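One structure is given here, and the rest of the page talks about it.
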Amino acid sequence: YPLLAMSLYHVKEFIQTPAKTAPKSSAPGAPVQQDPNEAPSIAKPLTRVVAILYDGMLILALLFLVGTMLTVIGTLLTMETGTESSQAQSLPTWYQNLVMTPAFVLTLVAFYGIFWRRGGQTLGMQTWRLKTVNNAGHLLTWGQSFKRILAACLMPLLFGVIGSLIGGSRTIMLTSAYLGLIFNYVFCLFNRRGLAVQDMLSNSITLKMPKVAHEGLWRGFKNRKKNQ
């Protein structure tokens, strides 16, 4: 597994470099030395799912905000407002499909793309010391981030289509899509390297970082800005 070994090697080399030059000191704020035997490992599927649940609450809030704004704009532009409940209308189908759905997709892409580009981790990933990098051990580019998001959506989309064809109802379709999302991480249990579906399809990997190598999300943002 040359690509996986290369990724782990680059990340391990990166986090150990400061420790080799860091002087021993007991003063407050002194750098903590890295144990040479401690290295990043491939994140376990349960840890990934918990991180997604953390991020899911923030994503739902963002989607609710975007949806509310677009609903107000759509109502003002496409419908006549009324004063009675009997005059209530739904937004035009074309507006929902051509405006709102792409806006939701772009919100999701921007959420993960910005965090992965800046620090390799979202807020939920930071809590569990997870970090997503490419096979060279570097932060993802916008193209790699988009590719990983598409790869993560592949199985939910496939399961959703199958559920729709079998059951036909919206509930069955959404349940099937959810099972497709779970499949992405159940796949880790059957893969000898512990990789998820999106890891394999996007040539990227999610790692569990050692405590002393975990610089934190905001510090990662600052360090990346200084290096640019």
Side-chain angles (χ1 to χ4, degrees), residues 4 42-71 74 88-116 121-125 127-128 130-132 134 140 142-208:
L4 177 60
I42 298 176
K44 302 298 183 182
L46 181 59
T47 307
R48 297 192 192 195
V49 172
V50 173
I52 288 178
L53 293 178
Y54 275 49
D55 287 331
M57 293 183 287
L58 180 56
I59 292 173
L60 286 177
L62 290 174
L63 293 179
F64 177 79
L65 177 61
V66 172
T68 301
M69 293 175 60
L70 292 178
T71 299
Q89 305 176 52
S90 298
L91 288 170
T93 303
W94 67 266
Y95 185 84
Q96 297 182 40
N97 294 335
L98 299 180
V99 178
M100 299 189 69
T101 299
F104 291 149
V105 173
L106 289 176
T107 300
L108 184 63
V109 171
F111 175 83
Y112 280 104
I114 291 174
F115 281 114
W116 284 344
Q121 51 187 188
T122 60
L123 295 176
M125 295 173 68
T127 303
W128 295 94
L130 303 182
K131 190 168 188 175
T132 298
N134 58 27
L140 303 184
W142 274 109
Q144 292 170 334
S145 299
F146 188 69
K147 183 178 179 181
R148 183 177 175 86
I149 293 172
L150 288 180
C153 294
L154 179 61
M155 297 311 298
L157 179 61
L158 180 60
F159 275 56
V161 170
I162 294 176
S164 179
L165 294 176
I166 293 176
S169 69
R170 182 182 180 88
T171 301
I172 294 178
M173 181 187 69
L174 293 177
T175 302
S176 300
Y178 175 76
L179 293 176
L181 176 64
I182 297 300
F183 176 84
N184 283 341
Y185 300 98
V186 173
F187 183 82
C188 298
L189 302 176
F190 301 95
N191 183 273
R192 287 183 294 175
R193 294 174 288 175
L195 300 179
V197 173
Q198 59 267 31
D199 294 334
M200 299 186 64
L201 296 180
S202 64
N203 295 322
S204 58
I205 187 172
T206 298
L207 302 173
K208 177 78 170 181

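Worth saying up front: this structure is predicted, and the values here are computed from it rather than measured.
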* Asked: Any donor and acceptor pair, going by atom type alone, linking the side chain of N184 with main-chain N or O of A152 inside 3.5 Å?
  -> yes
* Structure fact -> Between I149 and Y112, the two heavy atoms sitting closest are CD1-CB, 3.9 Å
* More than 12 heavy atoms of other residues, nucleotides or ligands under 6.0 Å from NZ of K44: is that the case? -> no
* Asked: So, T107 side chain and A103 main chain: donor-acceptor pair closer than 3.5 Å or not?
  -> yes
* Structure fact -> With sequence neighbours left out, the residues meeting ring-ring contact (aromatic ring centres under 6.0 Å, His included) with F187 are none
* **Q198 (side chain) donor-acceptor with R148 (main chain) under 3.5 angstrom** => no
* **Atom of F115, atom of L123 and distance for their closest heavy-atom approach** => CZ-CG, 4.2 Å
* Structure fact -> Heavy atoms of L181 and P156 approach each other most closely as N-CG, 3.5 Å
* Asked: What are the two closest non-hydrogen atoms of L63 and F104, and how far apart are they?
  -> O-CE2, 3.6 Å
* CD1 on I42 to CG on L195, rounded to 0.5 Å -> 5.0 Å
* Asked: Are any non-hydrogen side-chain atoms of M155 and L179 less than 4.5 angstrom apart?
  -> no
* Asked: Do you see a donor-acceptor pair shorter than 3.5 Å between the side chains of T132 and R48?
  -> no
* Locate the shortest heavy-atom distance separating G163 from I172; write the atom from each residue and the value. => O-CG2, 3.4 Å
* To the nearest 0.5 Å, how far apart are SG in C188 and CZ in F183? -> 10.5 Å
* To do: Could you walk me through whether W116 and M125 pass side-chain contact (heavy atoms from CB on, under 4.5 Å), step by step?
  => CA-CA 10 Å; W116 284 344; M125 295 173 68; 3.6 Å; yes
* To the nearest 0.5 Å, tell me how far L165 CG sits from S176 OG. => 10.0 Å
* Side chain T101, main chain Q96, donor-acceptor under 3.5 Å -> yes
* Short question: side chain of T71, backbone of G67 - any donor-acceptor pair under 3.5 Å? -> yes
* Among side-chain atoms of D55 and T122, is any donor-acceptor pair under 3.5 angstrom? -> yes
* Structure fact -> A196 and Y185 have their tightest heavy-atom pair at CB-CD2, 4.5 Å
* Could you tell me whether a side-chain N or O of K147 sits under 3.5 Å from a main-chain N or O of N203, the two making a donor and an acceptor? => no
* Asked: Do the charged groups of D199 and R193 touch, with an N to O distance under 4.0 Å?
  -> no
